[in-house]
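Hydrogens, waters and symmetry mates play no part in the numbers below; they use all other heavy atoms, side chains included. The shown structure was predicted, so the numbers you read here are calculated from the model rather than taken from an experiment. Throughout, numbering of the chain's residues begins at 1 and tracks the sequence.
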Amino acid sequence: PSLISHPLCHPQLEGLCSFLQLSACPEPILGRFCRGLLALTPDLSYTSAAVLAEQLFLRRVLSLTQPPSRHLMAALASFCSKYSQPFCRVVVAAVLQEPGEGAEQTKLVCELVEDYLESHCVQLVLSQVLEVPLSEKLLPVVQSVLGRQVRGAPCARVSLLTSAALEQGPPYPLLGLFQEVLPPELLDLLVLTLCRQGSAFATSLDYAKLVTAMLTTYQGQVS
(Lines give C-alpha, C1' and ligand atoms only; values in the text may rest on other atoms or scores of the structure.)
Protein backbone atom coordinates (compact mmCIF):
# COMPACT_ATOMS: atom_id res chain seq x y z
CA PRO A 1 0.00 0.00 0.00
CA SER A 2 2.89 2.42 0.56
CA LEU A 3 3.43 2.61 -3.21
CA ILE A 4 -0.20 3.56 -3.73
CA SER A 5 0.08 6.41 -1.21
CA HIS A 6 2.01 8.40 -3.84
CA PRO A 7 -0.14 10.29 -6.38
CA LEU A 8 -0.63 8.15 -9.50
CA CYS A 9 -2.72 8.78 -12.58
CA HIS A 10 -5.36 6.25 -13.57
CA PRO A 11 -3.22 4.33 -16.13
CA GLN A 12 -0.22 4.29 -13.76
CA LEU A 13 -2.29 2.81 -10.93
CA GLU A 14 -3.83 0.21 -13.24
CA GLY A 15 -0.34 -0.68 -14.43
CA LEU A 16 0.91 -1.00 -10.86
CA CYS A 17 -2.03 -3.23 -9.93
CA SER A 18 -1.34 -5.39 -12.97
CA PHE A 19 2.37 -5.61 -12.10
CA LEU A 20 1.54 -6.63 -8.52
CA GLN A 21 -1.10 -9.08 -9.82
CA LEU A 22 -3.57 -7.80 -7.23
CA SER A 23 -6.57 -9.28 -9.04
CA ALA A 24 -5.15 -12.78 -8.50
CA CYS A 25 -3.35 -12.46 -5.16
CA PRO A 26 -4.26 -15.02 -2.47
CA GLU A 27 -7.21 -13.93 -0.36
CA PRO A 28 -5.31 -13.84 2.99
CA ILE A 29 -2.89 -11.38 1.38
CA LEU A 30 -5.84 -9.44 -0.05
CA GLY A 31 -7.20 -8.95 3.47
CA ARG A 32 -3.89 -7.65 4.80
CA PHE A 33 -3.52 -5.37 1.77
CA CYS A 34 -6.97 -3.83 2.34
CA ARG A 35 -6.26 -3.25 6.03
CA GLY A 36 -3.08 -1.49 4.99
CA LEU A 37 -5.11 0.80 2.73
CA LEU A 38 -7.01 2.07 5.76
CA ALA A 39 -3.79 3.39 7.29
CA LEU A 40 -2.77 5.46 4.25
CA THR A 41 -2.52 9.23 4.71
CA PRO A 42 -4.02 11.05 2.93
CA ASP A 43 -6.95 8.86 1.93
CA LEU A 44 -7.09 7.52 -1.60
CA SER A 45 -8.84 9.68 -4.15
CA TYR A 46 -12.21 8.51 -5.46
CA THR A 47 -10.62 7.56 -8.79
CA SER A 48 -7.82 5.57 -7.15
CA ALA A 49 -10.27 3.76 -4.87
CA ALA A 50 -12.47 2.91 -7.87
CA VAL A 51 -9.48 1.46 -9.73
CA LEU A 52 -8.54 -0.63 -6.70
CA ALA A 53 -12.14 -1.81 -6.24
CA GLU A 54 -12.10 -3.08 -9.81
CA GLN A 55 -8.65 -4.65 -9.58
CA LEU A 56 -9.12 -6.24 -6.16
CA PHE A 57 -12.72 -7.38 -6.22
CA LEU A 58 -14.54 -7.25 -9.55
CA ARG A 59 -13.28 -10.53 -11.02
CA ARG A 60 -13.47 -12.31 -7.67
CA VAL A 61 -17.06 -11.26 -7.02
CA LEU A 62 -18.39 -11.93 -10.52
CA SER A 63 -16.81 -15.40 -10.54
CA LEU A 64 -18.28 -16.54 -7.21
CA THR A 65 -20.01 -19.92 -7.40
CA GLN A 66 -20.14 -20.46 -3.63
CA PRO A 67 -20.27 -18.18 -0.57
CA PRO A 68 -17.20 -15.93 -0.25
CA SER A 69 -14.46 -17.09 2.11
CA ARG A 70 -13.92 -15.38 5.46
CA HIS A 71 -10.72 -13.86 4.04
CA LEU A 72 -12.60 -12.29 1.14
CA MET A 73 -15.34 -11.02 3.46
CA ALA A 74 -12.71 -9.52 5.78
CA ALA A 75 -11.12 -7.76 2.80
CA LEU A 76 -14.50 -6.44 1.65
CA ALA A 77 -15.30 -5.25 5.17
CA SER A 78 -12.04 -3.34 5.39
CA PHE A 79 -12.33 -1.75 1.96
CA CYS A 80 -15.99 -0.79 2.34
CA SER A 81 -15.37 0.76 5.75
CA LYS A 82 -13.72 3.70 3.98
CA TYR A 83 -14.33 3.37 0.24
CA SER A 84 -17.87 2.01 -0.03
CA GLN A 85 -19.05 4.54 -2.62
CA PRO A 86 -16.45 3.72 -5.32
CA PHE A 87 -16.94 0.03 -4.49
CA CYS A 88 -20.68 0.35 -5.15
CA ARG A 89 -20.13 2.33 -8.33
CA VAL A 90 -17.77 -0.31 -9.72
CA VAL A 91 -18.48 -3.74 -8.22
CA VAL A 92 -22.08 -3.59 -7.04
CA ALA A 93 -23.14 -1.89 -10.28
CA ALA A 94 -21.52 -4.71 -12.27
CA VAL A 95 -23.36 -7.34 -10.21
CA LEU A 96 -26.71 -5.61 -10.67
CA GLN A 97 -26.21 -5.33 -14.43
CA GLU A 98 -24.87 -8.85 -14.89
CA PRO A 99 -27.35 -11.02 -16.83
CA GLY A 100 -28.49 -14.33 -15.35
CA GLU A 101 -29.24 -15.47 -11.85
CA GLY A 102 -25.96 -14.73 -10.04
CA ALA A 103 -27.24 -16.20 -6.77
CA GLU A 104 -23.98 -15.89 -4.83
CA GLN A 105 -23.38 -12.37 -6.09
CA THR A 106 -26.88 -11.31 -5.07
CA LYS A 107 -26.46 -12.83 -1.61
CA LEU A 108 -23.18 -10.97 -1.22
CA VAL A 109 -24.72 -7.63 -2.18
CA CYS A 110 -27.53 -8.26 0.31
CA GLU A 111 -25.01 -8.98 3.08
CA LEU A 112 -23.04 -5.85 2.25
CA VAL A 113 -26.22 -3.76 2.32
CA GLU A 114 -27.34 -5.23 5.63
CA ASP A 115 -24.06 -5.08 7.52
CA TYR A 116 -21.25 -3.12 5.88
CA LEU A 117 -22.27 -0.21 3.66
CA GLU A 118 -22.78 3.31 4.94
CA SER A 119 -26.29 4.77 4.82
CA HIS A 120 -25.75 6.91 1.72
CA CYS A 121 -24.28 3.93 -0.11
CA VAL A 122 -27.29 1.76 0.78
CA GLN A 123 -29.40 4.44 -0.91
CA LEU A 124 -26.96 4.44 -3.83
CA VAL A 125 -27.45 0.67 -4.25
CA LEU A 126 -31.22 1.11 -4.34
CA SER A 127 -30.92 3.88 -6.93
CA GLN A 128 -28.71 1.57 -9.01
CA VAL A 129 -31.32 -1.19 -8.77
CA LEU A 130 -34.01 1.19 -9.96
CA GLU A 131 -31.91 2.19 -12.97
CA VAL A 132 -32.11 -1.32 -14.47
CA PRO A 133 -35.17 -3.46 -15.29
CA LEU A 134 -36.41 -5.03 -12.07
CA SER A 135 -35.93 -8.79 -11.97
CA GLU A 136 -36.45 -11.66 -9.56
CA LYS A 137 -32.70 -11.57 -8.91
CA LEU A 138 -32.87 -7.97 -7.66
CA LEU A 139 -35.89 -8.30 -5.35
CA PRO A 140 -33.82 -9.61 -2.39
CA VAL A 141 -31.50 -6.60 -2.73
CA VAL A 142 -34.45 -4.20 -2.41
CA GLN A 143 -35.73 -6.27 0.52
CA SER A 144 -32.33 -5.88 2.23
CA VAL A 145 -32.43 -2.12 1.69
CA LEU A 146 -35.90 -1.88 3.22
CA GLY A 147 -34.96 -4.05 6.16
CA ARG A 148 -31.62 -2.36 6.73
CA GLN A 149 -30.72 -2.56 10.40
CA VAL A 150 -27.66 -0.46 11.11
CA ARG A 151 -25.70 -1.69 14.09
CA GLY A 152 -23.86 1.55 14.72
CA ALA A 153 -22.17 3.25 11.77
CA PRO A 154 -20.70 0.48 9.58
CA CYS A 155 -17.53 2.45 8.87
CA ALA A 156 -16.90 2.95 12.58
CA ARG A 157 -17.86 -0.61 13.41
CA VAL A 158 -15.29 -2.10 11.05
CA SER A 159 -12.55 0.40 11.89
CA LEU A 160 -12.88 -0.50 15.57
CA LEU A 161 -12.27 -4.18 14.87
CA THR A 162 -8.88 -5.59 15.71
CA SER A 163 -6.75 -7.27 13.08
CA ALA A 164 -7.35 -10.56 14.85
CA ALA A 165 -11.12 -10.12 14.54
CA LEU A 166 -10.83 -9.33 10.84
CA GLU A 167 -8.62 -12.38 10.32
CA GLN A 168 -11.21 -14.52 12.09
CA GLY A 169 -13.91 -13.30 9.73
CA PRO A 170 -17.60 -12.53 10.18
CA PRO A 171 -19.78 -12.31 12.14
CA TYR A 172 -18.25 -9.20 13.69
CA PRO A 173 -19.16 -7.44 16.95
CA LEU A 174 -22.34 -5.40 16.63
CA LEU A 175 -23.01 -2.00 18.17
CA GLY A 176 -26.26 -0.04 18.78
CA LEU A 177 -29.38 -0.69 16.69
CA PHE A 178 -31.62 1.72 14.82
CA GLN A 179 -33.76 1.73 11.68
CA GLU A 180 -32.87 3.82 8.65
CA VAL A 181 -35.46 5.61 6.56
CA LEU A 182 -35.32 6.17 2.79
CA PRO A 183 -35.52 9.77 1.56
CA PRO A 184 -38.99 10.60 0.14
CA GLU A 185 -37.85 10.98 -3.47
CA LEU A 186 -36.19 7.54 -3.49
CA LEU A 187 -39.18 5.94 -1.77
CA ASP A 188 -41.52 7.50 -4.37
CA LEU A 189 -39.38 6.09 -7.20
CA LEU A 190 -39.39 2.65 -5.60
CA VAL A 191 -43.19 2.67 -5.19
CA LEU A 192 -43.64 3.82 -8.79
CA THR A 193 -41.31 1.10 -10.08
CA LEU A 194 -43.04 -1.65 -8.10
CA CYS A 195 -46.46 -0.50 -9.30
CA ARG A 196 -45.45 -0.26 -12.95
CA GLN A 197 -43.69 -3.63 -13.03
CA GLY A 198 -45.93 -5.49 -10.58
CA SER A 199 -47.72 -7.49 -13.30
CA ALA A 200 -44.44 -9.22 -14.17
CA PHE A 201 -44.25 -10.60 -10.61
CA ALA A 202 -47.84 -11.81 -10.22
CA THR A 203 -46.68 -15.23 -8.96
CA SER A 204 -43.52 -14.10 -7.18
CA LEU A 205 -43.31 -14.81 -3.46
CA ASP A 206 -40.30 -12.47 -3.13
CA TYR A 207 -42.30 -9.65 -4.71
CA ALA A 208 -45.18 -10.24 -2.29
CA LYS A 209 -42.76 -10.19 0.65
CA LEU A 210 -41.19 -6.99 -0.66
CA VAL A 211 -44.49 -5.17 -1.01
CA THR A 212 -45.55 -6.34 2.46
CA ALA A 213 -42.27 -5.12 3.96
CA MET A 214 -42.61 -1.75 2.26
CA LEU A 215 -46.20 -1.28 3.42
CA THR A 216 -45.21 -2.26 6.95
CA THR A 217 -42.14 -0.03 7.15
CA TYR A 218 -43.64 2.99 5.39
CA GLN A 219 -47.33 2.53 6.19
CA GLY A 220 -47.77 6.24 6.85
CA GLN A 221 -46.22 7.25 3.52
CA VAL A 222 -47.51 4.64 1.08
CA SER A 223 -51.15 4.34 0.09
Side-chain angles (χ1 to χ4, degrees), residues 38 43-47 49-50 52-54 57-58 61-62 73 76-98 102 105-159 170 172 174-198 201 206-207 209-223:
L38 301 182
D43 292 346
L44 296 173
S45 68
Y46 181 95
T47 300
L52 284 176
E54 178 181 2
F57 298 113
L58 185 58
V61 169
L62 293 182
M73 285 307 303
L76 288 166
S78 292
F79 193 87
C80 289
S81 70
K82 185 175 283 189
Y83 303 111
S84 55
Q85 186 168 352
F87 179 87
C88 289
R89 291 288 187 188
V90 174
V91 181
V92 173
V95 170
L96 299 179
Q97 295 168 14
E98 186 76 5
Q105 288 77 13
T106 302
K107 290 177 184 176
L108 175 60
V109 171
C110 290
E111 185 172 354
L112 292 172
V113 165
E114 292 166 4
D115 291 321
Y116 299 105
L117 299 182
E118 299 168 288
S119 175
H120 70 280
C121 287
V122 172
Q123 296 172 17
L124 171 60
V125 170
L126 180 57
S127 68
Q128 289 174 316
V129 169
L130 298 178
E131 288 172 359
V132 300
L134 198 60
S135 65
E136 195 76 27
K137 163 188 171 181
L138 299 180
L139 295 180
V141 178
V142 182
Q143 180 83 44
S144 293
V145 172
L146 288 179
R148 164 71 180 251
Q149 297 294 309
V150 180
R151 301 155 177 93
C155 56
R157 183 175 78 248
V158 176
S159 65
Y172 299 113
L174 305 177
L175 306 175
L177 181 65
F178 62 91
Q179 180 76 40
E180 288 184 356
V181 178
L182 293 175
E185 62 276 10
L186 194 53
L187 178 61
D188 289 345
L189 182 57
L190 173 59
V191 172
L192 182 62
T193 300
L194 292 177
C195 290
R196 285 178 172 175
Q197 302 187 35
F201 301 97
D206 283 340
Y207 179 83
K209 289 179 179 178
L210 176 57
V211 172
T212 300
M214 186 174 65
L215 293 175
T216 300
T217 304
Y218 295 98
Q219 54 185 319
Q221 300 167 259
V222 178
S223 58

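- Taking the side chain as every heavy atom from C-beta outward, V91 and V109 never approach each other to under 4.5 Å.
- Using a 4.5 Å heavy-atom threshold, the side chains of Q105 and K137 count as separate.
- For L117 against C80, the heavy-atom pair with the smallest separation is CD2-SG, 4.1 Å.
- Side chains of L210 and F201 form no contact here, defined as non-hydrogen atoms less than 4.5 Å apart.
- Inter-residue side-chain proximity for L52 and F79 is flagged as met; some heavy-atom pair is nearer than 4.5 Å.
- For the atom pair L134 CG and Q197 CD, the distance stands at 5.0 Å (nearest 0.5 Å).
- Taking CD from Q143 and NZ from K209, the interatomic distance works out to 8.0 Å, rounded to the nearest 0.5 Å.
- Scanning both residues, P86 and A53, for their nearest heavy atoms gives O-CB, 4.4 Å.
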Carefully, step by step, assess V141 and V95 under the rule side-chain contact (heavy atoms from CB on, under 4.5 Å).
CA-CA 11 Å; V141 178; V95 170; over 6 Å; no
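- Using a 4.5 Å heavy-atom threshold, the side chains of L76 and E111 count as separate.
- Taken to the nearest 0.5 Å, the NZ atom of K82 stands 4.0 Å off from the CG atom of D43.
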Show me the donor-acceptor pairs within less than 3.5 Å that the side chains of residues 121-130 make with the rest of the protein, sequence neighbours left out.
{"from": "S127", "atom 1": "OG", "to": "L124", "atom 2": "O", "distance (Å)": "2.6"}
{"from": "Q128", "atom 1": "NE2", "to": "C88", "atom 2": "O", "distance (Å)": "3.1"}

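- Between L138 and T106 the shortest side-chain heavy-atom distance does not fall below 4.5 Å.
- For D206, there are no side chain to side chain donor-acceptor pair (under 3.5 Å) partners, not counting sequence neighbours.
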Pair V90, F57 - check side-chain contact (heavy atoms from CB on, under 4.5 Å), show working.
CA-CA 9 Å; V90 174; F57 298 113; over 6 Å; no
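- How far CG of L38 is from OG of S81: 4.5 Å, rounded to the nearest 0.5 Å.
- T216 pairs by the side chain to side chain donor-acceptor pair (under 3.5 Å) definition with nothing, not counting sequence neighbours.
- In this structure, Y116 contributes its side chain and S84 its backbone to no donor-acceptor pair below 3.5 Å.
- Taken from CD in E131 to CG in L189, the straight-line distance is 9.0 Å, to the nearest 0.5 Å.
- Rounding to the nearest 0.5 Å places CD of E98 at 5.5 Å from CG of L62.
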Going through the checks in order, is the side-chain contact (heavy atoms from CB on, under 4.5 Å) test met by L108 and M73?
CA-CA 9 Å; L108 175 60; M73 285 307 303; 3.5 Å; yes
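- Considering only heavy atoms from C-beta on, E136 stays 4.5 Å or farther from Y207 through its side chain.
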